[in-house]
**Student:** 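My structure is below; once you've seen it, I'll send some questions.
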Amino acid sequence: MSESQLWNDVDDYFTTLLSPPDETLTAALRDSEAAGLPPINVAPNQGKLLQLLAQIQGARRILEIGTLGGYSTIWLGRALPADGRLITLEYDTTHAEVARRNLARAGLDKISEVRVGPALESLPKLADEHPEPFDLVFIDADKVNNPHYVEWAAKLTRPGSLIVLDNVVRSGRVTEAGSDDPSVRGTRAALELFASHPKLTGTAIQTVGSKGYDGFALARVLA
């Protein structure tokens, strides 16, 4: 058995046991595929982790940067109370429409909002609304802008809030200080912010599984 097949088998075991699929999530993936969206959604066990993190956080307000078809958005939205609020930012109009349909089918359309456009344009507009601080921010968008997203996340949160940054390992290439890959450079810059920002303390975790060799980073917002 190859190493990657073993990773997949372990993922399948964990998912079947601890986060079995339901029709709403399955339909979200099916409709995303039918609409031609890239298959880059989080894995089911990672979606369950996001949900648990939001629940542990006692989150009432969540910001997601990078919606895709709304699969991770559903996991996060299910962690919110009935009067909670989730705002998710998506660049692509088609992706946003798929996500809205998926969120409506999940019964989350009343507490969620999909905003369309470049996130670096949507975030200043959001800040101008002077929203209540977000309890959790999930960043899973274009990696070149990761440091900018982290900066905005720090501004839009409160002491004790949680920031989750996805896809930080880049198949191990994150170690390449001289990389000319914009995604690697953006990810490294975001991790360096986690290390140096006076309002943040964080760590990063490597993962293997159905999504290959990757990982995520977590940061807590300090007082």
Side-chain angles (χ1 to χ4, degrees), residues 25 28-29 31-32 35-42 46-47 49-51 53-54 57 59-80 84-106 108-158 161-168 182-183 186-187 189-190 193-194 197 200 216-219 221:
L25 288 167
L29 293 178
D31 287 3
S32 295
L37 274 61
I40 54 175
N41 51 277
V42 301
Q46 294 169 333
L49 175 62
L50 289 172
Q51 185 182 80
L53 288 171
Q57 188 70 6
R60 302 183 64 84
R61 292 179 55 80
I62 295 175
L63 173 64
E64 179 181 52
I65 303 174
T67 315
L68 196 61
Y71 181 76
S72 56
T73 322
I74 293 171
W75 280 107
L76 288 166
R78 286 177 168 179
L80 288 171
R85 188 68 176 158
L86 192 160
I87 296 176
T88 181
L89 310 180
E90 173 54 45
Y91 176 83
D92 188 278
T93 302
T94 299
H95 295 183
E97 287 304 314
V98 173
R100 289 188 180 112
R101 292 195 297 270
N102 285 334
L103 288 164
R105 180 169 46 217
L108 297 170
D109 50 319
K110 299 297 190 297
I111 65 170
S112 64
E113 178 186 359
V114 183
R115 300 192 179 189
V116 183
L120 291 182
E121 295 179 9
S122 298
L123 287 163
K125 293 176 184 177
L126 177 60
D128 287 343
E129 298 170 14
H130 304 289
E132 292 180 40
F134 291 96
D135 305 302
L136 186 149
V137 179
F138 178 48
I139 302 171
D140 189 13
D142 57 307
K143 310 310 175 187
V144 65
N145 283 313
N146 272 342
H148 302 299
Y149 298 147
V150 170
E151 289 279 14
W152 276 109
K155 294 175 184 177
L156 292 167
T157 47
R158 57 169 177 78
S161 292
L162 182 66
I163 301 171
V164 184
L165 178 66
D166 203 13
N167 306 128
V168 299
S183 294
T187 298
L193 266 177
F194 273 22
H197 197 292
L200 301 177
F216 60 92
L218 296 169
V221 180

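What you see is a predicted model, and the numbers here were worked out from it, not measured in a lab.
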**Student:** Would you say the side-chain atoms of T187 pair up with the backbone N or O of V168, donor to acceptor, closer than 3.5 Å?
**Tutor:**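 Not confirmed, T187 side chain does not pair with V168 backbone.
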**Student:** Okay, side chain of D135, backbone of R60: is any donor-acceptor separation there less than 3.5 Å?
**Tutor:**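 Yes, D135 side chain to R60 backbone: donor-acceptor pair under 3.5 Å.
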**Student:** Within this structure, what is the CG-CD distance for the pair L63 and E113, rounded to the nearest 0.5 Å?
**Tutor:**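 So the gap between those two atoms works out to 11.0 Å.
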**Student:** Tell me if a side-chain donor or acceptor on R61 pairs with a main-chain N or O of E132 at a distance below 3.5 Å.
**Tutor:**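 Yes; at least one donor-acceptor contact below 3.5 Å.
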**Student:** Look up atom CG in L53 and atom CG in L162, then write down how far apart they are to the nearest 0.5 Å.
**Tutor:**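 Output value for this atom pair is 6.0 Å.
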**Student:** Which atoms form the tightest heavy-atom contact between S32 and N102, and what is the distance?
**Tutor:**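 Taking every non-hydrogen atom into account, OG-ND2, 3.8 Å.
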**Student:** Ignoring hydrogens, what is the shortest heavy-atom contact between I65 and A119? Give both atom names and the distance.
**Tutor:**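 For I65 and A119, the tightest heavy-atom pair comes out as CG2-CB, 3.9 Å.
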**Student:** Check whether any side-chain heavy atom of V137 sits under 4.5 Å from a side-chain heavy atom of L156, and report yes or no.
**Tutor:**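 In short, these two side chains do not touch, never coming nearer than 4.5 Å.
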**Student:** For residues D31 and R105, determine if any side-chain heavy atom of one lies less than 4.5 Å from a side-chain heavy atom of the other.
**Tutor:**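 The answer is yes, as the side chains (C-beta and beyond) meet within the 4.5 Å cut-off.
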**Student:** Side chains of V164 and L49, heavy atoms from C-beta outward: is any pair under 4.5 Å?
**Tutor:**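 Of all side-chain heavy-atom pairs linking L49 with V164, none is under 4.5 Å.
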**Student:** Side-chain contact, heavy-atom cut-off 4.5 Å: I111 with L86?
**Tutor:**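 Side chain of I111 against side chain of L86, heavy atoms only: no contact under 4.5 Å found.
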**Student:** Report yes if the side chains of R85 and P131 come closer than 4.5 Å at any heavy-atom pair, otherwise no.
**Tutor:**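 They are not in contact (no side-chain heavy atoms under 4.5 Å apart), so the answer is no.
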**Student:** So R115 and L126, do their side chains get closer than 4.5 Å, heavy atoms only?
**Tutor:**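 Yes, at least one pair of side-chain atoms sits under 4.5 Å.
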**Student:** How close do A190 and L165 get, counting heavy atoms only, and between which atoms?
**Tutor:**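 That would be CB-CD2, 3.7 Å.
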**Student:** Quick one: CZ on F138 to CG on L76, what's the gap to the nearest 0.5 Å?
**Tutor:**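 If I round to the nearest 0.5 Å, the distance is 7.0 Å.
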**Student:** Say you draw a straight line from CG of L80 to CG of L108; how long is it, rounded to the nearest 0.5 Å?
**Tutor:**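 Reported value, rounded in 0.5 Å steps: 8.0 Å.
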**Student:** Would a distance-only check, ignoring hydrogens and angles, find a side-chain to backbone donor-acceptor pair under 3.5 Å from D166 to F216?
**Tutor:**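 No; zero donor-acceptor contacts below 3.5 Å.
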**Student:** Report the C-alpha distance between W152 and L120 in whole Å, list the side-chain angles of each, state the deciding distance to 0.1 Å, and finish with yes or no for side-chain contact (heavy atoms from CB on, under 4.5 Å).
**Tutor:** CA-CA 9 Å; W152 276 109; L120 291 182; 4.2 Å; yes
**Student:** Determine the minimum heavy-atom distance between S122 and G117, stating which atoms define it.
**Tutor:**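 For S122 and G117, the tightest heavy-atom pair comes out as OG-O, 4.0 Å.
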**Student:** Just wondering, do I74 and S112 contact through their side chains at under 4.5 Å, heavy atoms?
**Tutor:**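 SC-SC contact between S112 and I74 ruled out.
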**Student:** So how far is it from F134 CZ to I87 CD1, rounded to the nearest 0.5 Å?
**Tutor:**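 Answer rounded to 0.5 Å: 4.0 Å.
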**Student:** So, applying side chain to side chain donor-acceptor pair (under 3.5 Å) with T73, which one of E90, R100, R78, E64 is it?
**Tutor:**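 Testing T73 for a side chain to side chain donor-acceptor pair (under 3.5 Å) against E90, R100, R78, E64 leaves exactly one candidate, E64.
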**Student:** For the backbone of L89 and the side chain of T67, can you confirm whether one donor and one acceptor N or O come within less than 3.5 Å of each other?
**Tutor:**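 The answer is yes, because a donor-acceptor pair under 3.5 Å joins these two groups.
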**Student:** Heavy atoms only: give me the nearest A154-L200 pair and the separation to one decimal.
**Tutor:**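 In this case the closest contact between A154 and L200 is CB-CD2, 4.5 Å.
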**Student:** What closest approach, in Å, do G66 and A141 show between heavy atoms, and which atom pair accounts for it?
**Tutor:**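 Result for this residue pair: CA-CB, 4.0 Å.
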**Student:** Would you say I40 and D140 make side-chain contact, with heavy atoms under 4.5 Å?
**Tutor:**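 No, too far: nothing below the 4.5 Å cut-off.
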**Student:** Does the D92 side chain pair with the main chain of T94, one donor and one acceptor, at a distance under 3.5 Å?
**Tutor:**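 Yes.
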**Student:** Does F194 form a side-chain contact (heavy atoms from CB on, under 4.5 Å) with V150? I'd like the steps, not just the answer.
**Tutor:** CA-CA 8 Å; F194 273 22; V150 170; 3.7 Å; yes
